[in-house]
Amino acid sequence: MSTMAYVVSLVDCNNFYVSCERVFDPKLEGRSVVVLSNNDGVIISRSNEAKALGIGMAVPFFKIRRLIEENDVQVFSANFPLYGDMSQRVMSTLSQFTPDMEIYSIDEAFLDFSGFKGVDLTAYGRKIRGTVKQWTGIPVSIGIAGTKTLAKIGNEIAKRSPKAEGVVNLVKSEHLDQALARVEVEEVWGIGRRSAPRLRDKGIETALDLREAEEAWIKKKFGLPGLRTVLELRGTPCLTLESSPPPKQGITTSRSFGAPVESLDDLKEAVADYVSRAAEKLRGQGSLARILTVFLMTNPFGKDSQYHNAIPIELPIPTDSTPELLHQALAGTERIFRKGYRYHKAGVILSGLLPRGQVQADLWEKEGPVPERRRKLMQALDRVNARMGAGTVAFAAEGIHKVWRMKSERRSKRYTTRWDELVEVTV
DNA sequence: TCTGGGGTCCTAGGACCC
DNA sequence: TCTGGGGTCCTAGGACCC
């Protein structure tokens, strides 16, 4: 009997949102490009050229407007339908290369390479990289190692070292210590803004230092998550591959407004819109919600007087039906609304989720908590909106003038998900 | 003037019980 | 005058992720 050593790779799309924009506009290649968050608030993706200009991640757009204009940086509002669709193409390409894969985020996946006997994994990584580029246009980097945390480190090195040609294999590598020494402690997966300075205070400055740290001290100061990180750096796998992720435990839909909102009517419209989106997600994963929370808040950065309130509402019957949820959410909004504030953001959280099938029907009527006719209507609604774009069919409560709608002044077309926004080819 | 959104897991501490 | 000890469950908040 032989135990096969665990080998995992992390495939990460380079500057993903920027790369998506470049696929549909090749003139952006080689230029400085950034993508903005919802409401054109902060920077969420940067090309290497933009990074070289000193444009940081999550920096408010208005603070670097000058820098952007002076350097002719190309700016895009977030186009999540496009990025989501491109992500699916990348993931389905990756799935051809291993039977066991975990989609970790919109632009990252772990691929299990355990048991790939006699395969040159570095060469295999290059093949994956080439195929993804050819089939989707998206450049990726790949790190291969004995644990997820080390694969992340390999990926980081692959991104910054041109010699690597996009792939770094740390399995039985004699360069492992050298690689760990080149990674700052705050770049280690699991070490965030709070922990890094506390580690540095103790002289722990690199991934290599962290690997050598004393276990008991780490456990005491950084808990189980910290200890796991150290063990993973030592090559002991603590984090497994989640090939079929469990359904989400909560579903949130929230947005900051394009301009301050003061009237209850406008707030209710916005909340209605968010409830509809949240309910779609809920039905999409086949769950019912037991609790609905509405929250409102003023701008935490501004000089306006502050108000923040949230109200959790226990639903009389677990449900996934938009009209039911709307009714509760609008009542909740009225209860927490206070006149005289300039509201900046509102949101809806669905929690206490149950799998639809598992709810005992006999607790309610024969048909279960959501009557059959209502369920059919919701299905039809979701199909139309998925095909034609969110909000094509909407409830009256969602409003039509939408003064609260977020800013998105520089969005590219939804090339792959809207018939009316296909790429135009000029011959 | 203008500062995103959506998640997960862990821990400490309170409430409650025997 | 003195004020146990342990277990479980729940929740809020912290830290982290992309």
Side-chain angles (χ1 to χ4, degrees), chain A residues 10-17 34-46 56-66 68 75-80 83-84 87 102-110 148-149 152 155-156 185-199 219-229 238-240 242 245-260 274 277-278 281-282 284-285 291 293 295 297-304 308 310 312 342 344-353 406-411:
Chain A
L10 173 67
V11 181
D12 189 321
C13 300
N14 300 346
N15 313 330
F16 182 54
Y17 302 154
V34 298
V35 173
L36 304 177
S37 67
N38 273 334
N39 222 17
D40 294 346
V42 303
I43 308 286
I44 56 170
S45 184
R46 307 158 292 157
M57 190 65 172
V59 173
F61 178 44
F62 75 89
K63 284 192 179 172
I64 52 167
R65 211 164 207 148
R66 273 271 302 278
I68 276 175
V75 180
F76 290 88
S77 299
N79 186 346
F80 290 113
Y83 310 149
S87 173
E102 171 187 346
I103 297 173
Y104 178 69
S105 73
I106 193 166
D107 69 337
E108 281 171 275
F110 289 102
K148 282 180 159 182
T149 304
K152 277 264 185 185
N155 193 286
E156 178 65 34
V185 73
E186 36 278 287
E187 292 172 315
V188 175
W189 195 38
I191 304 301
R193 227 202 297 277
R194 297 294 181 153
S195 305
R198 294 165 60 207
L199 288 164
K219 170 76 171 64
K220 184 151 169 260
K221 298 289 181 186
F222 303 93
L224 221 47
L227 184 59
R228 278 201 283 257
T229 299
C238 301
L239 306 168
T240 54
E242 299 274 345
K248 298 195 191 330
Q249 297 169 19
I251 290 171
T252 304
T253 301
S254 71
R255 303 269 182 279
S256 37
F257 306 131
Y274 306 158
R277 301 289 85 76
K281 295 184 212 167
L282 187 69
Q285 74 163 32
I291 299 165
T293 304
F295 68 87
M297 58 190 290
T298 49
N299 189 346
F301 299 101
K303 292 191 177 103
D304 293 346
H308 177 203
R342 289 155 56 82
H344 172 253
K345 181 177 181 173
V348 168
I349 303 164
L350 301 176
S351 57
L353 305 189
M406 65 188 184
K407 249 190 302 190
S408 182
E409 292 170 348
R410 303 152 183 262
R411 200 184 61 200

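Order of the sequence lines sets the chain letters (A, B, ...), proteins ahead of strands, with each chain counted from 1. Only heavy atoms go into these numbers, but all of them, side chains included; no hydrogens, no water, no symmetry mates.
When heavy atoms are screened at a 4.0 angstrom cut-off, K152(A) is found touching the sugar-phosphate backbone but no base atom. Counting any heavy atom pair closer than 4.0 Å across all strands shown, I251(A) reaches sugar-phosphate atoms only and no base atom.
For the pair G223(A) and K248(A), both in contact range of DNA chain B, the more 5′-proximal nearest nucleotide belongs to K248(A). Both F61(A) and K281(A) lie close to DNA chain B; mapped to their nearest nucleotides by heavy-atom distance, the more 5′-ward contact belongs to F61(A).
Using a 4.5 Å heavy-atom cutoff, the side chains of I68(A) and V75(A) are in contact. No side-chain heavy atom of F295(A) sits less than 4.5 Å from a side-chain heavy atom of V348(A). I106(A) places a side-chain heavy atom less than 4.5 Å from the side chain of Y83(A).
Separating the CE atom of M406(A) from the P atom of dG4(B) is a distance of 12 Å, rounded to the nearest angstrom. Atom pair R255(A):CZ and dG6(B):C1' shows a separation of 10 Å (rounding to whole Å applied). Rounded to whole Å, the distance from OH on Y274(A) to C1' on dG4(B) is 12 Å. Here dC18(C) presents its C1' atom at 7 Å from CG of D107(A), a figure rounded to the nearest Å. Straight-line distance from the NZ atom of K407(A) to the C1' atom of dT3(B): 11 Å, rounded to whole Å. What separates CD of Q249(A) from P of dC17(C) is a distance of 19 Å, to the nearest Å.
Looking at residues two or more places apart in sequence or on another chain, you find no salt bridge (charged side-chain N to carboxylate O under 4.0 Å, His left out) involving E242(A). Qualifying side chain to side chain contact (heavy atoms under 4.5 Å, CB included) partners for N14(A), counting only residues two or more places apart in sequence or in other chains: P139(A), S141(A), K159(A). Residues meeting the salt bridge (charged side-chain N to carboxylate O under 4.0 Å, His left out) test with R277(A), sequence neighbours left out: D273(A), E280(A), E398(A). Annotation: salt bridge (charged side-chain N to carboxylate O under 4.0 Å, His left out) contacts of R193(A) (sequence neighbours excluded): none.
Closest contact between the side chain of S254(A) and the listed nucleotides dG4(B), dC18(C), dG5(B) involves dG5(B). Among dT8(B), dC18(C), dG4(B), the nucleotide with an atom closest to any side-chain atom of N38(A) is dG4(B).
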Generate the contact string for nucleotides 9-16 of chain C. Rules: B means base contact, S means sugar-phosphate contact only, - means no protein heavy atom under 4.0 Å. ------SS
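Relative to the ring axis of F110(A), K148(A) places its NZ or CZ within 45° and under 6.0 Å from the centre.
Where the helix from dG5(B)-dC18(C) to dC18(B)-dG5(C) starts and where it ends, the local axes point in directions that differ by 10°; five pairs per end, rounded to 10°.
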